[in-house]
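Encoded as structure tokens, the structure appears first; notes follow it.
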Amino acid sequence: MSSSAKRMDRALAPVQAPQQAEAVIYDEMFEANGEVRPAYAPLNAHVNKLSASELGDRQKTLERSFLLQGITFTVYGAGSSTERIIPTDLFPRIIDAPTWTKIEAGLKQRLLALNLFLADIYGAQKILMDGVVPRDLILGAPSFRREMIGLYVPHDSYANVCGSDLVRNETGEFMVLEDNLRVPSGVSYMLANRDASKRTFPEAFGAARVRPIENYPDLLLSTLKSMAGEWRSNPQVVVMTPGVYNSAYYEHAYLARLMGTPLVEGRDLVVHDNMVYMRTTRGLRRVDVIYRRVDDDFIDPLTFRRDTALGVAGLFNAYRAGSVVIANAPGTGVADDKAVYAYVPDIIRYYLDQDPILPNVETFLCREPASLKHVLANLDKLVVKAVGASGGYGMLIGPHATQAQRDEFAQKIKADPANYIAQPTLKLSTAPCVIEGQIEPRHVDLRPFILSGAKTVVTPGALTRVALTRGSLVVNSSQGGGSKDTWVLSEGDAGA
Amino acid sequence: MMLARVADSLYWIGRYIERAEHFCRLSEIMLSSVVDQTDSARQAALIVLRAMGEDDVDPEAALRYPVGAVRDIALDREEPGSVLSSLAAARENARQVRDQITTETWERLNMLYLRITSPQAEMAFLQNPTGFLQEVIADLHLFKGAADATMSHGEGWRFLLLGVYLERAQLIARLLDVCFGDAAGGYVLNEHFAQLSVLRMACALEPYLRVYGAEIEQRHMITFMLFDPDYPRSIRFCSARIEEHLNALASSIAPLDGPKPDRLAGRLAARVEFADYDEIAEHGASVYLANVVAECSRIHEAVYETFVAYPLEERLPA
């Protein structure tokens, strides 16, 4: 199939299967033999009715609507700043019911184990005593907060909001690539994308029997309230944002608006007698639960970083006194550390006595001499990541790098092995995307959102992140990634 | 109950959009009046420049190239008083309180902001300056309409309108002062064209004609723009709204020491309500208007001390 054959000037139909060379990669829509997977059948039938220009128009309308709504991030340049929308792809990604059932069970299991792990390392530290996870790895991690030791956390729910990153390998199996237990973002895009895809493919949406996700804000609010339910009948919840200049500010305001809770900044809060209050027009008003979208470092200058004005002096003491809930709890980051990640299957077995439902990606810890040797010898095949970095920064994608880049990275690894992990270069699955009026496969991952308070809930939907550059594997929005809606189908549907 | 910072932002959104609208209207009238190459057209243009506080602008240069002068007033990013800067500030405040205003309201303002800051804005302005300004005014009316029609008429909406009316009272007072007060420099506004222009600057022409007919007199203009109870830009109308909103806002909180904003507003409203033209004639318009402006400033400060920047120890929970 030549690339000119893929160009669809008038009609899009039929969406075409990826080229042979890419066929070793799992495609979300097409079987290896080029047939459309059953879950995609209703969508495929409806897409065929749309012309390329119609789809292009809808894409433009969508981008305009995102811009108006202010679903943007700000790019700061010399003297001026411009606002850009996060690229959004209209063509939804579809997951059938049996596949989702497994993902859901796997995510619940994983978060349950990680919360038990956090309760343990900030408590009796049994897992360290038993040598399942190396003591120095945990206690030496910068994200380990000794201030949290011995604190009571209701329901042992340290991570109340979790956004895990899943990828699909060449056999179609979902694997966990990363757990995000600090301040995961993207849920507003999930909801905005849903809104857009419903308007673009109304018939297909109805026919496919997609599970709703619109109640996410309600679920989030009840999860947050459940954290203070033991001592307040109707807790006052607030969303705490670093402010309007934060790149995820839109999401903070969005969640506050849809939950009907105040959106506060550090300067709106005061601590008096170990109670947290917000400054309202009618005086001080008690705050019970803070859904903070601010990193640990910046929540309280008296306890954590001193050189910041974002936080609230005395907040951590109020938390320690048990008069306010901070969600996620400070110190959860130690459990999504890239090196700790390698131990998560063991952590699941240790606390739950179960095998992990969702596998990890094979990971080499450079802190271990044997692994280090292997990594250095195979740099051209591996992806190497710095333990402390995120957002697609500080990493080397071996097969895509030049020899010089690999040599440079090898020096860094040798200088500080404990700071690096390596994983095989994954063949991320592809999904069809609308690229300049044509439909082309692009690599995708999956970020579902899990809520954990008195109970654990997985939203039946996710943010599918897309590497918009052909062949690229990097889906982070800071690195040219986009996103698209994810349809999770109901049981007993055509795709099951 | 709302965050003090949120109330502060809503109040400033009100002030900034009112300022942007007023400056657009003045600019538009300046551009349309200089088309007539008469003395009174020239006078109207000078009134505009003075009412906007553009004292540093050389009036002769502005009159030679009015489109350039107005472009600076409308689109200069560096000038804090420009329409663009006001809208950017309003929008920045709206972003800060995005969770407190409805999507309809936000999108109106955001759309306007994106249009006026876009790289094409300058070209669009130069192609049709008055049309551009009229569109901005129409968009601001849509914003106010959306706020009225979709926001709860509670605390937040009242802070927004409090900002609108305080700003409006001060802007109209300034305009009246440069027309009829000492700032007019002894010039008597008695030429029909200039009078019409001034009424249009305050959006007063049609309401005025309905009350007094087409024979425009200076004393009627002053009486109307200061004391008319129904015309929405009269000082009396503005102060009645300020009083109304502050009464509602202050009713639910315990008073602090110091001047109470609702009391100050009530005093201003009463003074304006029971004043008449003779009072102006006796002391001169400037004295009267300066008093109005000063009262508005005092109300502004009292609003801050009461609702926003109050001392914490005064408002600890019981």
Side-chain angles (χ1 to χ4, degrees), chain A residues 63-72 74 79-85 188 192 195 217 236 238-246 249-273 275-287, chain B residues 1-11 77-78 88 91-104 106-115 117-119 154-156 158-159 162 249-254 256 261 303-304 306-318:
Chain A
E63 284 170 7
R64 172 99 186 127
S65 129
F66 272 35
L67 190 63
L68 282 190
Q69 289 177 60
I71 313 183
T72 52
T74 312
S80 71
S81 58
T82 48
E83 289 179 26
R84 298 218 188 119
I85 57 167
S188 59
D195 200 43
Q236 172 69 57
V238 299
V239 178
M240 182 173 170
T241 173
V244 72
Y245 298 107
N246 186 273
Y249 176 79
Y250 167 77
E251 178 157 308
H252 309 158
Y254 181 91
L255 289 173
R257 193 157 44 90
L258 292 188
M259 291 198 290
T261 58
L263 177 66
V264 305
E265 296 177 18
R267 57 189 162 129
D268 296 319
L269 299 179
V270 280
V271 177
H272 177 72
D273 275 353
M275 307 265 195
V276 182
Y277 300 94
M278 55 184 167
R279 299 180 61 122
T280 79
T281 51
R282 299 181 195 173
L284 299 182
R285 186 63 63 97
R286 177 90 186 265
V287 170
Chain B
M1 184 275 298
M2 72 192 325
L3 288 177
R5 175 176 57 80
V6 168
D8 182 26
S9 280
L10 287 165
Y11 171 77
R77 283 165 199 265
E78 307 299 319
R91 193 261 193 178
E92 189 70 13
N93 276 286
R95 230 162 90 73
Q96 305 239 18
V97 296
R98 180 60 194 88
D99 58 315
Q100 295 287 331
I101 51 179
T102 57
T103 302
E104 290 84 352
W106 156 256
E107 286 195 358
R108 279 290 143 205
L109 185 56
N110 194 33
M111 200 183 321
L112 177 55
Y113 165 82
L114 291 172
R115 197 151 55 77
T117 52
S118 86
E155 214 181 346
R158 289 189 188 281
F159 273 108
L162 183 63
L249 289 170
S251 64
S252 55
I253 56 165
L256 301 174
V303 164
Y304 263 74
T306 306
F307 298 107
V308 182
Y310 50 81
L312 286 184
E313 61 272 21
E314 301 274 357
R315 290 256 186 260
L316 288 176

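So you know, we letter chains A, B, ... as the sequences are listed, proteins then strands, and number each from 1. Only this structure's heavy atoms are used, side chains among them; waters, hydrogens and symmetry mates stay out.
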Non-hydrogen atoms of chain A under 4.5 Å away: do they reach the side chain of [X], the backbone, both or neither?
| X | result |
| --- | --- |
| A309(B) | backbone |
| E155(B) | side chain |
| L112(B) | neither |
| R115(B) | neither |
| T306(B) | backbone |

### Query
Residues in ring-ring contact (aromatic ring centres under 6.0 Å, His included) with F159(B), at least two apart?
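F159(B) satisfies ring-ring contact (aromatic ring centres under 6.0 Å, His included) with F307(B) once adjacent residues are dropped.
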### Query
With side chains defined as the heavy atoms from C-beta onward, is the minimum distance between M278(A) and L269(A) less than 4.5 Å?
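Answer yes - side chains close enough.
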### Message
Measuring only between side-chain heavy atoms, which start at C-beta, is R279(A) closer than 4.5 Å to R315(B)?
### Response
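With C-beta onward as the side chain, the pair stays apart.
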### Task
Against chain B, label Y254(A) side chain, backbone, both or neither, depending on which of its atoms sit under 4.5 Å from a heavy atom there.
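When you check distances to chain B, no heavy atom of Y254(A) falls under 4.5 Å.
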### Query
Side chain, backbone, both or neither: which part of T261(A) has a non-hydrogen atom closer than 4.5 Å to chain B?
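The backbone, not the side chain.
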### Task
Among D8(B), L3(B), V6(B), find the one that has a side-chain contact (heavy atoms from CB on, under 4.5 Å) with V308(B).
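Exactly one pass, corresponding to D8(B).
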#### Entry: Pairs meeting criterion salt bridge (charged side-chain N to carboxylate O under 4.0 Å, His left out) with involvement of residues 252-262 of chain A, two or more places apart
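Of all non-adjacent pairs touching residues 252-262 of chain A, none passes salt bridge (charged side-chain N to carboxylate O under 4.0 Å, His left out).
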### Query
For the candidates E265(A), R286(A), R267(A), which exhibits the highest count of non-hydrogen atom pairs separated by less than 4.5 Å from chain B?
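Greatest number of close heavy-atom pairs with chain B: E265(A).
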### Heavy-atom pair count under 4.5 Å with chain B, highest-scoring of L68(A), L284(A), T241(A)
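Winner by heavy-atom pair count: L68(A).
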